[in-house]
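A, B, ... follow the sequence lines: proteins, then strands. Residue 1 opens every chain. Quick note: numbers below take in every heavy atom, side chains included, and nothing from hydrogens, waters or symmetry partners.
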Amino acid sequence: MRILVFLRQVPRLRSDTPLDETAGWIDLSKAKFDPNSYDLFALEAALRLTDASQTADGSGEVVVVSAGPKRVVDALKSALEIGAHRAIHVFGDCYEAMDSLALARVFRTVCESEKPDLVLTGFMSDDGNAAALGPMLAELADFASATGIVAIEATAAGYRVERELEGGAFEVVDLDRPALATVQSGINEVRYPSLKDIVAARKKRIDTLELPAAELPTSATSLLSVAPAGSDGAATLLAGSVDEIVSQLVAKLDELRVL
Amino acid sequence: MAAVLVITELVAGKLRDESFELVALAERLAVAHGDEVVSLVIGAGISAAGQTLAKRTSGRVLLADDSRLGDYGLENYRAVARAALERVDARFVLMSATPIGWDLAPRLAAGLDVAYIGSATALECGGGDAKAVFTRRVFGGKLETRVAAPAGRAVVTFDGGAASATQGPAQRSDGGVVEELSFSLPSLARARFVERRSSDGAGVDLTKADVIVSGGRGVGDAAKFAEVIVPLADALGAAVGASRPVVDAGWLPRAHQVGSSGQVVKPKLYVACGISGAVQHLAGMKNAQYIVAINRDARAPIYQVADLGVVADLHEILPALTQALSKRAAGG
């Protein structure tokens, strides 16, 4: 069983992160980056599936893929330390500004050469929050797909997944191979690498893939502006010492007749 | 004539409120572009829903009524959407940002090779180069971007509340026409619905609570949650809620989660402690009658919906508040 995990490296948003008005995004030049939190749950889910299959036929392989400039190698290395078997770095500066559809086109070429049984990726990214890359890739690669899963197990024909719906409801879906699923947060507890894992990761392969400029897709969306999210009706802020704030809160609770 | 296609959604045989909001948004897009509005209703035994919708839109209503469409299945619903897209020249396809929208809308966009704009919160229709500009929240709701589709075609999902209820289409006399949509469903689905199950048996019903004290990641850890959140809830006779990161981390059972994927609550009072206010959490509590937020980060999105805010360390405020309430209860 070969599982591809698409891992995004996302910028950390701090209260003093400057915005880049021309790009309609945050200024990435001084940003620090982390692996996308949802993608780490996807990686862990992939490792658990291959842990199980390795005991059966020893054929499990998790390949982690990320697109971006040189710095995404950091994210790939972390994934190899956590337990991925191999990594592919789709190298280029153009990827960080690509929308989901363009990135899905890039990753389709990786799917075509790797021929995975299963693709796992995060339900959404911590930065763009689009929740679109996975299902778009599934459409382009013609894979069965399910979004926002909270459980997955291998079956004879493919995978049984559980999708999270609204209001505490879930939906069980069977997917034939090859399949793609996007993973919700909290599906598992992501393992920490041991020192041994970290050392072992140094011997693992990171292949670099550079697409010819003519093959690079373009984004179908354009960002016009970015700003701090607006308020619906600005909250009244309480000020003062702890005691002063507490007595104002108690007065408000009195007024609301909840005491 | 090009069209704005609205793919509506049913819950227990009735159209979701969000679907009526979509029709209102579609009518604005249609006016700006000189298009017609076409709505699609998918399900089993849905002619009443189709009639209801026809009374609230001036456009056409396409009905895909089939016993195999009662439960959502990606390939069946996609086949129906494609049949509708063959019948109308859709400039925009609108869906709601729900589990069905998340699953289907990006696939439709990729299949059509058009832009996808997910979870939009607002629509601007105006002159200029971009006749339609969509607002969407990013970085967990902390920032807002304005996005356009330069080629003029897009699949868009909207969050609930993107059009206010008052802007929604009213009952009208020039009601739309209901038409049966012909389609064929794939004989072999590669994604098969097995069953639906619910975690309602978990015994925590926050929807009936008058007061909810909720904690988020900012509380720190499970021990601190028990130390500061639970005693305040006890002092207020309140139910205990939590944001997603708290249940993901296992500090509390998932049954306590407030949000679009957890419980959607409307208490008299909601006290949000150390909760930044991710979009999905806000969707679950923003209709509370009164919201108090306690969070050190003044830019936290929770302050977008709060009535009263305390930008301070909750570990100082909450124990003092609990103590004040206990003293009062003891008559002191």
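- For the pair B:Glu75 (side chain) and B:Ala191 (backbone), a donor-acceptor distance under 3.5 Å is present.
- Only the side chain of B:Ile117 comes within contact range of chain A, judged by heavy atoms closer than 4.5 Å.
- Of the residues considered (A:Ala179, A:Ala239, A:Ser185, A:Gly134), A:Ser185 shows the highest number of contacts with chain B, using heavy-atom pairs under 4.5 Å.
- Interface summary for chain B: among A:Leu137, A:Asn188, A:Leu101, A:Val161, the most heavy-atom pairs under 4.5 angstrom belong to A:Leu101.
- Contact annotation: the side chain of A:Pro116 approaches that of A:Phe143 to within less than 4.5 Å [non-hydrogen atoms, C-beta and beyond].
- Using a 4.5 Å cut-off between heavy atoms, A:Ser145 contacts chain B through both its backbone and its side chain.
- Your options are B:Arg196, B:Arg192, B:Arg107, and the one with the most heavy-atom pairs under 4.5 Å with chain A is B:Arg107.
- Comparing B:Ala154, B:Ala235, B:Ala238, B:Gly111 by how many heavy-atom pairs each has under 4.5 Å with chain A, the most go to B:Gly111.
- Heavy atoms of B:Val211 lying under 4.5 Å from chain A belong exclusively to its side chain.
- Proximity to chain B (any heavy atom under 4.5 Å) is restricted, for A:Leu256, to the side chain, taken from C-beta onward.
- Both the backbone and the side chain of A:Leu223 come within contact range of chain B, with heavy atoms under 4.5 Å apart.
- Between B:Ala105 and B:Thr157, the shortest heavy-atom contact is CB-CG2, 3.5 Å.
- Most heavy-atom pairs under 4.5 Å with chain B, from the set A:Leu253, A:Val242, A:Leu140: that is A:Val242.
- Looking at B:Ala320, both its backbone and its side chain come within 4.5 Å of chain A, counting heavy atoms on both sides.
- Judged purely by distance below 3.5 Å, without hydrogens or angles, the side chains of B:Ser260 and B:Gln280 pair a donor atom with an acceptor atom.
- Both the backbone and the side chain of B:Leu308 come within less than 4.5 Å of a heavy atom in chain A.
- With a 4.5 Å cut-off on non-hydrogen atoms, B:Ala189 touches chain A through its backbone but not through its side chain.
- Note on B:Thr145, B:Leu269, B:Thr135, B:Thr121: by heavy-atom pairs under 4.5 Å with chain A, the leading option is B:Thr145.
- Proximity to chain A involves both the backbone and the side chain of B:Leu321, based on heavy atoms less than 4.5 angstrom apart.
- Contact of A:Ile187 with chain B is not made at all, since no heavy-atom distance falls under 4.5 Å.
- Using a 4.5 Å cut-off between heavy atoms, A:Ser100 makes no contact with chain B at all.
- Residue B:Pro150 touches chain A through both its backbone and its side chain, counting heavy-atom pairs closer than 4.5 Å.
- A:Phe33 does not carry A:Arg12 over the face of its six-membered ring by the limits of under 6.0 Å from the centre and within 45° of the normal.
- Separating the CG atom in A:Leu40 from the CD atom in A:Glu189 is a distance of 13.0 Å, to the nearest 0.5 Å.
- Using a 4.5 Å cut-off between heavy atoms, A:Ile26 contacts chain B through its side chain alone, with no backbone atom that close.
- B:Arg153 does not touch chain A: none of its heavy atoms, backbone or side chain, sits under 4.5 Å away.
- Of the listed residues (A:Thr182, A:Leu175, A:Val173), the one with the most heavy-atom contacts under 4.5 Å to chain B is A:Val173.
- With a threshold of 4.5 angstrom between heavy atoms, A:Leu165 approaches chain B through its backbone and through its side chain.
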Could you walk me through whether A:Glu139 and A:Arg108 pass the side chain to side chain contact (heavy atoms under 4.5 Å, CB included) test, one step at a time?
-> CA-CA 10 Å; A:Glu139 181 72 19; A:Arg108 175 180 53 179; over 6 Å; no

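- Between B:Arg190 and A:Asp142, at least one side-chain nitrogen of the basic residue sits less than 4.0 Å from a carboxylate oxygen of the acidic one, meeting the salt-bridge criterion.
- Interface residue B:Asp103: backbone and side-chain heavy atoms are both found under 4.5 Å from chain A.
- Relative orientation of the B:Tyr270 and B:His281 rings is tilted, given thresholds of 30° and 60° on the angle between their planes.
- Neither the backbone nor the side chain of B:Ser119 comes within contact range of chain A; no heavy atom of the residue lies under 4.5 Å from a heavy atom of that chain.
- Contact check on B:Arg197 versus A:Glu171 returns no salt bridge, with no Lys/Arg side-chain nitrogen under 4.0 Å from an Asp/Glu carboxylate oxygen.
- Neither the backbone nor the side chain of A:Ala104 comes within less than 4.5 Å of any heavy atom in chain B.
- Salt bridge annotation for B:Glu144-B:Arg136: absent, with no cationic side-chain nitrogen under 4.0 angstrom from a carboxylate oxygen.
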Apply side chain to side chain contact (heavy atoms under 4.5 Å, CB included) to B:Val292 and A:Leu249, showing your working.
-> CA-CA 9 Å; B:Val292 176; A:Leu249 281 172; 4.0 Å; yes

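- Proximity of A:Asp174 to B:Phe193: side-chain heavy atoms (C-beta onward) are nowhere separated by under 4.5 Å.
- No side-chain donor from either of B:Ser261 and A:Glu166 sits under 3.5 Å from a side-chain acceptor of the other.
- Checked by atom type and distance alone, the side chain of B:Arg244 never pairs as donor or acceptor with a backbone atom of B:Gly262 at under 3.5 Å.
- With a 4.5 Å cut-off on non-hydrogen atoms, B:Tyr290 touches chain A through its side chain but not through its backbone.
- Side chains of A:Tyr159 and A:Asp117: a donor-acceptor N/O pair is absent below 3.5 angstrom, by distance only.
- Interface residue A:Asp127: backbone and side-chain heavy atoms are both found under 4.5 Å from chain B.
- Only the side chain of A:Leu19 has a heavy atom closer than 4.5 Å to any heavy atom of chain B.
- For a residue to count as touching a neighbouring chain, one of its non-hydrogen atoms must lie under 4.5 Å from one of that chain's; by this rule A:Arg177 does not touch chain B.
- Residue contact with chain B, scored on non-hydrogen atoms closer than 4.5 Å, involves the side chain of A:Ile245 exclusively.
- Of the two parts of A:Glu162, only the side chain, counted from C-beta on, holds a non-hydrogen atom closer than 4.5 Å to a non-hydrogen atom of chain B.
- Between B:Asp297 and B:Arg299, no side-chain nitrogen of the basic residue sits less than 4.0 Å from a carboxylate oxygen of the acidic one, so the salt-bridge criterion is not met.
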Assess whether side chain to side chain contact (heavy atoms under 4.5 Å, CB included) is satisfied between A:Arg105 and B:Asp113, documenting all intermediate values.
-> CA-CA 10 Å; A:Arg105 288 195 186 292; B:Asp113 194 16; 2.5 Å; yes

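- Interface residue A:Phe123: only side-chain heavy atoms are found under 4.5 Å from chain B.
- The contact between B:Ile317 and chain A is made by backbone and side chain atoms together, counting heavy-atom distances below 4.5 Å.
- Looking at every heavy atom in both residues, A:Ala235 comes nearest to B:Gly309 through CB-N, 4.2 Å.
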